[in-house]
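Take a look at the structure set out below.
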Amino acid sequence: MPDEMPLRNAYWIGGGSGAGKTTIARRLAARYGLRLYSTDDVMPDHAARCSPDDAPFLNEFKSMGMDERWVNRSPREMLETFHWFRGEGFSLIVEDLLRLPEDEGVIVEGFRLLPRLVRPLLAGPGRAVWLLPTPEFRRAAFERRGWAIPRRTSDPGRARYNLLERDRMFTDRLMDETTGLGLPAVEVGTAMDEDALAAQVATAFGLRPARLPRR
């Protein structure tokens, strides 16, 4: 990984799967004139750039069939061995960000933003927030977006359960880690209004609407 240094133009939105990170990041980027960097979008590129030595868990995951990934293993094993949850490939996120113009603000979003890895890169305490979905919110989000992964297994019901339980444990881990590091986190429940959540994150970042150019 490049030498740890603050990325002064970056705002970070991490959190659990299905928490609305992408939606909120897009809204804030558009409203405040910021570039959007989605860590989900670059996963295929980063996976291709990782060597087996750099990312052994990713290399093992690539060799598995769909049932081995999502049906046959326990949610705990899935949690402990999932490459992105282990921080594999995070250095490539940093490399990408360091190539962006320094005078252009960027919102970085995605579940790959582990608190312990992001913290050394923060330009200030108000530059990161983690969105932590309740189990009910996460299930509702997956119902809306569909269950593409489970449908590709021999036991979609088991795969759905495993995914939800793995992600619940990941969210709990994020809660523990943000609390331990003194980093801000927001619990996202089914009663959470999207406008209110976007406003809460913007306030946490200290963002103000981009000024329109003078005519």
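Side chains are part of it too, since the values below use all heavy atoms of this structure and drop only hydrogens, waters and symmetry mates. All values derive from a computational prediction rather than experimental measurement.
- With hydrogens and angles disregarded, a donor-acceptor distance shorter than 3.5 Å links the side chain of Thr153 to the backbone of Pro150.
- Side-chain contact between Leu34 and Phe205 is absent, with no heavy-atom pair separated by less than 4.5 Å.
- Electrostatic pairing of Glu177 and Arg173 does not count as a salt bridge here, judged by no charged N lying under 4.0 Å from a carboxylate O.
- A pairwise comparison of heavy atoms in Tyr32 and Ala202 identifies OH-CB, 3.5 Å as the closest pair.
- Atoms CE and CG, from Met64 and Asn59 in turn, are 10.5 Å apart once rounded to the nearest 0.5 Å.
- The existence of a salt bridge linking Glu165 and Arg168 is confirmed by a sub-4.0 Å separation between a basic side-chain nitrogen and an acidic carboxylate oxygen.
- If you chain together hydrophobic residues whose side chains sit under 4.5 Å apart, Leu197 and Leu36 fall into the same group.
- Within the 4.5 Å cutoff, no side-chain heavy atoms of Thr81 are placed close to those of Glu60.
- The aromatic rings of Phe111 and Phe85 sit perpendicular to each other, their planes meeting at more than 60°, with 30° as the lower class boundary.
- There is a path of hydrophobic side-chain contacts, each under 4.5 Å, that joins Phe82 to Phe90.
- In terms of heavy-atom proximity, Pro75 sits nearest to Tyr161 at CG-CE2, 4.3 Å.
- Salt bridge status for Arg27 with Asp195: present, with a side-chain N to carboxylate O gap under 4.0 Å.
- When atom types are taken as modelled, the side chain of Arg138 and the backbone of Pro133 share a donor-acceptor pair closer than 3.5 angstrom.
- In this structure, Glu88 does not pair ionically with Arg112, as no charged nitrogen and carboxylate oxygen lie closer than 4.0 Å.
- In terms of modelled atom types and a separation under 3.5 Å, the side chain of Arg69 and the main chain of Phe61 share a donor-acceptor contact.
- A chain of hydrophobic side-chain contacts below 4.5 Å, direct or via other Ile, Leu, Val, Met, Phe, Trp or Tyr residues, connects Leu100 to Val108.
- Closest approach of Gly110 and Thr39 over heavy atoms only: CA-OG1, 3.2 Å.
- Under a 3.5 Å cut-off, the side chain of Lys21 and the backbone N or O of Ser38 do not form any donor-acceptor pair.
- Residues Ile24 and Glu194 are in side-chain contact: their nearest non-hydrogen atoms beyond the backbone lie under 4.5 Å apart.
- For the pair Asp67 (side chain) and Ser154 (backbone), a donor-acceptor distance under 3.5 Å is present.
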Identify each donor-acceptor pair in which a side-chain atom of residues 8-19 lies under 3.5 Å from a protein atom, sequence neighbours left out, and give them as a table.
from, atom 1, to, atom 2, distance (Å)
Asn9, ND2, Pro101, O, 3.2
Asn9, ND2, Glu104, O, 3.0

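- Side chain of Arg73 to main chain of Glu68: a donor-acceptor pair is present (N/O by atom type, distance under 3.5 Å, no hydrogens or angles).
- The CG atom of Leu183 sits 11.0 Å away from atom CG of Leu174, with the distance rounded to the nearest 0.5 Å.
- Using a 4.5 Å heavy-atom cutoff, the side chains of Asp167 and Leu79 are not in contact.
- When the side chains of ILVMFWY residues are joined at heavy-atom separations under 4.5 Å, either directly or via intervening members, Leu92 and Val118 end up in two distinct hydrophobic clusters.
- When atom types are taken as modelled, the side chain of Arg86 and the backbone of Glu80 share a donor-acceptor pair closer than 3.5 angstrom.
- Shortest non-hydrogen contact noted between Leu163 and Trp70 is CD2-CZ3, 3.5 Å.
- Atom CG of Leu28 sits about 4.5 Å away from atom CD1 of Ile107, to the nearest 0.5 Å.
- Side-chain N/O atoms of Thr22 and Glu109 include a donor and acceptor closer than 3.5 Å.
- For the atom pair CG (Leu97) and OH (Tyr37), the distance works out to 5.5 Å, reported to the nearest 0.5 Å.
- The shortest distance between side-chain heavy atoms of Val186 and Val129 falls below 4.5 Å.
- Taking all atoms of both residues into account, the shortest heavy-atom contact from Trp130 to Leu113 is NE1-O, 2.7 Å.
- Clustering ILVMFWY residues whenever any of their side-chain heavy atoms sit less than 4.5 angstrom apart, transitively, puts Phe142 in a cluster other than the one holding Met66.
- Here the straight-line distance linking atom CG of Leu164 with atom CE of Met169 works out to 11.0 Å at 0.5 Å rounding.
- No more than 12 heavy-atom neighbours from other residues, nucleotides or ligands sit within 6.0 angstrom of CZ on Arg26.
- By the neighbour-count criterion of 12 heavy atoms within 6.0 Å, atom CZ of Arg152 is sparsely surrounded, having that number or fewer from other residues, nucleotides or ligands.
- Heavy atoms only, all atoms of each residue included: Trp84 and Met43 are closest at NE1-SD, 3.2 Å.
- Inter-residue side-chain proximity for Asp54 and Ser51 is flagged as met; some heavy-atom pair is nearer than 4.5 Å.
- The CG atom of Asp155 sits 8.5 Å away from atom CG of Asn162, with the distance rounded to the nearest 0.5 Å.
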